[in-house]
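So that the names make sense, note that chain A is the first sequence line, chain B the second, and so on, each numbered from 1.
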Amino acid sequence: MQSLAQAVVAILAAGASYAWAMGLTPPPPVRHIAAPEAMLVRALLDIRDHKFSSALEQIDNALAVNPNFRLAQLVRGDLLLARSRPISNIGNAADAPADKMDGLRQEARARLTRYGIEPPTELAPRYLLQLPEKQKYALVLDSSKSTLFVFENAGGSLRYVSDYYVTIGKNGFEKLREGDKRTPIGVYHVTSKLPQARLTDFYGSGAFPINYPNEWDMMRGRDGYGIWLHGTPRDTYSRPPRASDGCIVLTNDDLQTLERKLQLGSTPVVITDSLQWSKPDEIDALRSDLSSAIERWRRDWEGRNSDAYLRHYAKSFSAGGANLAQWSAQKRQVNSSKNWIKVQLSDLSLVLYPGKQELAVATFDQDYSSSNLSNRMMKRQYWIREDGKWRIVYEGAA
Amino acid sequence: MIRRPRIVRSVVACGLATLMTLALQSGRAAAAPYDDASRLFRQGNHSAALEKIDAVIAANPRDARSRFLKGLILTEQNKPAEAIGVFTSLTEDYPELPEPYNNLAVLYASQGQYDKARKSLEMAIRTHPSYAVAHENLGDVYAKMASEAYDKALQLDRSNAAAQTKLAMIKDLFSSSVVPGKAGVAQAETPEAAPAAPVKPAPQEPKGSVTKPAAPIPATPAPGRADGDAVIAAVEGWAKAWSAKDADGYLSYYAPNFQVPGGEARSAWESTRRDRIIKPKKIEVTVGSPKVSFDASGRAMVKFRQGYKSDTLDTSGAKTLTLVKNNDRWQILQERMN
């Protein structure tokens, strides 16, 4: 028993950057996680604290809610076996297939690690700078913690709603190539829904494709396709943290709960390697920086000052096969043919790209009218920080 | 590491004093027919044994010992439902007896009903906290339950394994104590059993973990203080051999005419003891505050608190050993857990 507790402590300690997890207490009141998972984690913490009977009760509770929770079955086995002989690790089944056992142990580690996450009330995820009012929810995935967060857009500020344990690609994140079994890192959105009836049981209660590869991925030659949020086979609740071909996998219960919050074609899915939290004033500063750049671009366009207008485009700009020189030539010609231009932007969404480069995705409704042409479109721009200034590196219809 | 599940032990012989006392209270007149039934049972003549014991029970329906034997016979006849009925009614009429609970658990376990088996064993232990057989069985039941949970965790289909366990169980029932010739079977089935215990030198003066008596006070002056010390030394040597998992050394402390509990055959008893001594990875037996007294015939009675700690079990209880002096060596004639 003693040594099982040590194994749990070792697992807690294994995530070296999560040393604080050693001081875990009962779940932070703000957390909303699936009941069976909460019970499992409480059981593991009970084991750490040498409260073995209480641990077994928690495990039995978790299994009453979901008998397919194989990790809970494994811990139950340990708790029972420990009454018969000393054990020193999580998972002591004789002649167990090594891959399955490894998967369950990794799951235990991942669930314990992510349990220690306490969404800081005074901080917000750095990425979602601005969302249009009609966009009710946004998803942020922390790949390194196997956790998908749901945030609510509450009057311009983001409110933590819940989070889910998810499985990502077998080979981790930062997808580059088709078949590399990785989950992409970037700013995406849910494009559509594939109903259960059209899928095999493997995908569970449904699937929600995201727009990988997005414009930025394609500019950088990344390929592959079919990155979905999807459910699990009917008999599955436990999954190792890294087991998919790149998809983001939730339990069917979780997916069904999540589905009610998804807006097809718009719900942002920000996939990070490691979620960065920032202070509201930092986020405000970024937002105002970017939105004023966009506003200056709009005004220079309306002013038909092509030099000023084209200064908003980055050296590495490309769109629809045109580089900056080609784009500039075309824009100068078009703008000079106008007597007047009027551009109105609405429903602006501003999302900072995860990763090292300073990049942001702006999506908005553009109402363009001019002396000889008018049109209305959803536009997407990628803004990059170049020579200390925000500049457009891609522009096109959203 | 492949480890076959250990086999749940049943109490075949009604060895504990409580049951014997009950038998004396209730069945004095029926002693001879009971012995006949018991002999027939041991000879493997189950239907004749059942007939005999039914007659005994008809004459004395409350006789616990006879009903217990009937439960064993039914178990041997592979009538688990009826055997469960017999043992269940015994637990109802004699809730203070641990043996019926234990055997009930064995039957439940043989049917794969581990949770019921567990509850029964817990009852046995509640009535008799130092009842080692129930503790060991409970350990095995937990191991079986663990293995079921692991199978679910790892999606292993072992539907055939349950049947194998059941067969092994029945074999164990034969081998555990009744039929001396087959006594080795249970032991042979545990491949993880430790290598043969090294032969230890003759017992020496106790040291270390063994508690030295503060001041043994012999009740009768006749055998003298030196004898008192020698008796304590023997008891401590016995505990030391046990702790060292030295089965040969341990058994050498028992007199040739040792009263084997429950009238079991000596060889069967020795085999069970060897098994119990070899199986745990670690054993620590302590002798706490021993008190020696001698009777008129020169036998020594040592009362002490026996601590038993293994990798799976940690118990303590009052024990009385009766020792006799054979060829200058104090040896155990009778062993009783109080």
Heavy-atom cut-off 4.5 Å, strictly under: side chain, backbone, both or neither for Asn92(A) against chain B? both
Rounded to the nearest 0.5 angstrom, the OG-NE2 distance for Ser84(A) and His135(B) is 13.5 Å
What is the minimum heavy-atom distance between Gly77(A) and Ala146(B), and which atoms define it? O-CB, 3.1 Å
Between CG on residue Leu79(A) and CE on residue Met145(B), distance to nearest 0.5 Å: 11.5 Å
Donor-acceptor under 3.5 Å (Tyr150(B) side chain, Asp78(A) main chain): yes
Might you point out which heavy atoms bring Ala153(B) and Leu74(A) nearest each other, and give the distance in Å? CB-N, 3.4 Å
Just wondering, more than 12 heavy atoms not from Lys309(B) lying within 6.0 Å of its NZ? no
Spatial distance of atom OG (Ser238(A)) from atom CD (Gln155(B)) [nearest 0.5 Å]: 9.0 Å
How long is the straight-line distance from CG of Leu80(A) back to OH of Tyr114(B), given to the nearest 0.5 Å? 12.5 Å
